[in-house]
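Read through the structure below, which is laid out as structure tokens, and then see the notes.
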2 protein chains.
Amino acid sequence: MAKRVTIKEVAQQAGVSYQTVSKVITGKAQVTPETEARIRKAIHDLGYRPSHTARSLRSNRSYTLAYSWPPSPRDQANPILDQFLQSMFTEAEQHGYYLLTFPYHADPAARVAAYQDLIDTGRVDGFIISSVEYNDERVLCLLENKIPFVAFGRSNPELVFPCIDVDGGAGLRMATRHLLEQGHRQIAALAWPEDSRVGNNRLEGYFSALQEAGITPPPDWVVRGEGRVSFGFKATRRLLALPPGQRPTGLVCLNDAMAIGAMHAAQERGLQVGVDLAITGFDDAPMVQYLNPPLTSLRQPVWEIGRQLIQMLMDQLDTGEQPDPLCSLYQPELMVRASSTGQFAGFENVS
Amino acid sequence: MAKRVTIKEVAQQAGVSYQTVSKVITGKAQVTPETEARIRKAIHDLGYRPSHTARSLRSNRSYTLAYSWPPSPRDQANPILDQFLQSMFTEAEQHGYYLLTFPYHADPAARVAAYQDLIDTGRVDGFIISSVEYNDERVLCLLENKIPFVAFGRSNPELVFPCIDVDGGAGLRMATRHLLEQGHRQIAALAWPEDSRVGNNRLEGYFSALQEAGITPPPDWVVRGEGRVSFGFKATRRLLALPPGQRPTGLVCLNDAMAIGAMHAAQERGLQVGVDLAITGFDDAPMVQYLNPPLTSLRQPVWEIGRQLIQMLMDQLDTGEQPDPLCSLYQPELMVRASSTGQFAGFENVS
DNA sequence: AACGTTCGTGCGAACGTTCGCATTAACTAT
DNA sequence: ATAGTTAATGCGAACGTTCGCACGAACGTT
């Protein structure tokens, strides 16, 4: 490797002190245009690049943000991961930062220790966290250490920290309204267990839209279980076995996996998805548009969220102040496809 | 934030020079057990953690690896990304390293500049690269600068660097043999354009398996296009329009998207996938097991590859030597499902 | 006792920059 | 001419550690 040019060599060539070179680079002191031009020429001619490490040591800033996320089970892709990461490190780059990734340990103590390590060794300036739980130990650790961070997702209300969340309730309201607009009056929901904060928030939107339409859903219409294909399949079978006066013709699901299972259950009974049973999902996983029929699903504005999280964190690092508002809610978008409308042109022209 | 404990405070408490404390930490010089014990106690009592930045500056090592990857188009998920990243940073952590992520710029000049930036500022010790192209500028830049790196994927043979690849040819041979074993003798292939290195390598496996079975495929059986659902749909329609003596009953596809399109084309004609037309894909994207019927597909050993890449790079950084063998080929695994066998138990018990 | 060797520890300096203050020159006002 | 102010630049030291050498003590051999 070629020997790295130092600031002292630039100073010598430009005929100034090396501290003056530093002043030009950091822009923190006044330097005459003539001197500055001379220095910039020397920088260019010598191909000088400041050492990140030396700057970091002196300035007490690493220009690094860290993010860790739970691995998806083998049989599920994380539908937003690529775009989420891409948006974050692209925005970070605009600010001279990089995104460092590290394992999300299953054991909470090991998980917190990994965060503490990065803090203690001065490795990162701040954190992005997601998949936030009630009394999340990571949040507690970062708050206690007064470490800058931002979160995708909310925690319990007494923990106060900057966050962005998707308004899942608004999303389910949108999906439910859409089915109502398609003429459906018997609309069921596949939901997560009652201790799921995100799940309950989404379900509120479903109830709210039905209430607006003057519909009181019977308890049978809300079926709770795991957000998986098999649960969706079995739950939908049960729903389709209800008496005709009660049997739903519409179904909103809290995620795409359940919706896929529901589609298979309907098709097993010879029903036409979108016509006999209209189905919506949540997440708009990339491949759902290639199902037959393509699935209507709620899409999160992942790029914008990732970008905004980094912006919030940058502001926090630059000003030492918390963002206002502290928490923002982003609206999902309903991607309407044939699983709810019954209308599909075919696979020739899909991408 | 609590004031960080320095090595000098540890030295004072242990009654030794701070250089001796450093010797205990790095283990690079002999220290008596009594002195060492005294120092370790002081480290523990004071909660001392060495400053990464200071160590980095002095030792000329950042303990950071970098990885950048092309974003997936909006309508396609990267099926292996999560696991690939997880495997790499988990292995890196075992070696005291972290994985830094950064944008893969569309413009080749900007892309190389991003790599050069990280090199010039001493930000990373080495790189992992993937999606390697012929005469890939990143490879050229890293070779020229003598920067340690490892690659997932091969380039042109005159560029010599450490790499791991999946034996796509072996995979397609496996898939083709599997269809032969299912009794199919008319087996077509959906492939990428002729300038695709990976595509041609995979297709060699198809030809090889047919040759072994004494079958010479007519030119009509190999259809080339983009690895997308719509291409797969249209190409399969064309294949199914061939005269019965030529019409294939088996189809190997170079990726899952084409296979999905093929399935839809078969079903459009009222054919039963797995029985009337047996189909295989490549990548085993997580959701293909939830298609109806679930898709037979080749799975790459992503975790092992990621882990091994980091190990190779660590060895290179520790010894300054290239790995032997320089390139390793990993075998994919054929995940047999109903799209090729026609046998499917149903969705109750899938996850 | 004198000499040679080995072990254990301390020291000086380096790594490459930024921070905060001091100094000097130039300009303006009285 | 003198005093005060401002702008521009240089300097000393700091950031927190590691590297490489020097030195003293202890031990073994002659």
Side-chain angles (χ1 to χ4, degrees), chain A residues 1-40 42-43 46-64 96 119-125 318, chain B residues 1-40 42-43 46-64 96 117-123 125:
Chain A
M1 178 158 76
K3 173 110 174 63
R4 187 172 294 137
V5 177
T6 67
I7 200 166
K8 290 175 181 176
E9 288 164 88
V10 174
Q12 187 166 36
Q13 175 147 340
V16 295
S17 73
Y18 67 85
Q19 288 93 346
T20 302
V21 177
S22 179
K23 283 170 174 130
V24 167
I25 287 166
T26 57
K28 284 189 181 170
Q30 205 167 22
V31 179
T32 66
E34 296 83 43
T35 303
E36 179 168 348
R38 205 161 71 241
I39 289 168
R40 290 201 186 278
I43 286 168
L46 291 171
Y48 168 70
R49 298 298 308 276
S51 161
H52 160 71
T53 304
R55 304 185 75 184
S56 184
L57 178 62
R58 189 62 188 85
S59 66
N60 200 29
R61 219 158 154 169
S62 68
Y63 301 99
T64 308
I119 296 161
D120 290 344
T121 54
R123 228 17 220 313
V124 302
D125 295 339
D318 288 343
Chain B
M1 178 157 76
K3 173 115 172 68
R4 188 172 293 136
V5 177
T6 66
I7 200 167
K8 289 177 182 177
E9 288 163 87
V10 175
Q12 187 167 35
Q13 176 148 339
V16 294
S17 73
Y18 67 86
Q19 288 93 346
T20 302
V21 178
S22 179
K23 282 167 176 140
V24 166
I25 288 166
T26 59
K28 284 187 182 170
Q30 207 167 21
V31 180
T32 66
E34 296 82 42
T35 304
E36 178 169 349
R38 204 162 72 241
I39 289 168
R40 290 201 185 277
I43 286 168
L46 291 172
Y48 168 69
R49 297 298 307 276
S51 160
H52 160 70
T53 304
R55 302 185 75 183
S56 186
L57 178 63
R58 189 63 185 84
S59 66
N60 200 30
R61 218 155 156 171
S62 68
Y63 301 99
T64 308
D117 250 15
L118 288 166
I119 295 160
D120 290 345
T121 54
R123 222 37 220 298
D125 294 340

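Basis for what follows: all heavy atoms, side chains included, without hydrogens, waters or symmetry-related copies. Reminder, nothing fancy here: chain letters follow the sequence lines and each chain counts from 1.
Heavy-atom contacts of chain B under 4.0 Å fall on DNA chain C between two terminal nucleotides, which in 5' to 3' order are C:dC7 to C:dG16.
Scanning for ring-ring contact (aromatic ring centres under 6.0 Å, His included) contacts around B:Y48 gives an empty result, with sequence neighbours left out.
Residues B:A11 and B:S17 share a closest heavy-atom pair of CB-C, 3.7 Å. The shortest heavy-atom contact between A:G122 and A:S62 is O-CB, 3.8 Å. Residues B:Y63 and B:G96 approach most closely at CB-O, 3.7 Å, considering heavy atoms.
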key: Step-by-step side-chain hydrogen bond (donor to acceptor under 3.5 Å, both in side chains) determination, B:R123 to A:S56   = CA-CA 11 Å; B:R123 222 37 220 298; A:S56 184; over 6 Å; no

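At a threshold of 4.0 angstrom between heavy atoms, the contacts of B:S51 are confined to the sugar-phosphate backbone, with no base atom among them. Looking at heavy-atom distances under 4.0 Å, B:K28 makes contact with sugar-phosphate atoms alone, never a base. Counting non-hydrogen atoms under 4.0 angstrom, A:S56 reaches nothing in the nucleic acid.
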List the atom pairs, with distances to 0.1 Å, where a side-chain N or O of residues 21-31 of chain A and a protein N or O form a donor-acceptor pair under 3.5 Å, not counting sequence neighbours.
from  : atom 1 : to    : atom 2 : distance (Å)
A:T26 : OG1    : A:S22 : O      : 3.0

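Atom CD in A:Q13 sits 4.5 Å away from atom CG in A:L46 (nearest 0.5 Å). Taking CD1 of B:I39 as the reference point, atom OG1 of B:T32 lies at 8.0 Å (rounded to 0.5 Å). Going from atom CG of A:D125 over to atom CG of A:N60 covers 8.5 Å, rounded to the nearest 0.5 Å.
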Are any protein N/O atoms closer than 3.5 Å to N/O atoms in nucleotides 5-9 of chain D? If there are, list each pair with its distance.
from  : atom 1 : to    : atom 2 : distance (Å)
D:dA8 : OP2    : A:Q30 : OE1    : 2.5
D:dA8 : OP2    : A:Q30 : NE2    : 3.0
D:dT9 : OP1    : A:T32 : OG1    : 3.1
D:dT9 : OP1    : A:T35 : OG1    : 2.4
D:dT9 : OP2    : A:T32 : N      : 3.0

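Projected onto DNA chain C by closest heavy-atom contact, A:Q19 and B:L57 fall at different nucleotides, the more 5' of which corresponds to B:L57.
Residue pairs satisfying the salt bridge (Lys or Arg N to Asp or Glu O under 4.0 Å) criterion with at least one member in residues 49-58 of chain A, sequence neighbours excluded, are listed as follows: A:R49-B:D117, A:R49-B:D120.
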ask   = Reading DNA chain D 5' to 3', what string of ( ), [ ], | and . shows its pairs, if Watson-Crick and G-U wobble pairs count only when both distances fall under 3.5 Å?
value = ||||||||||||||||||||||||||||||

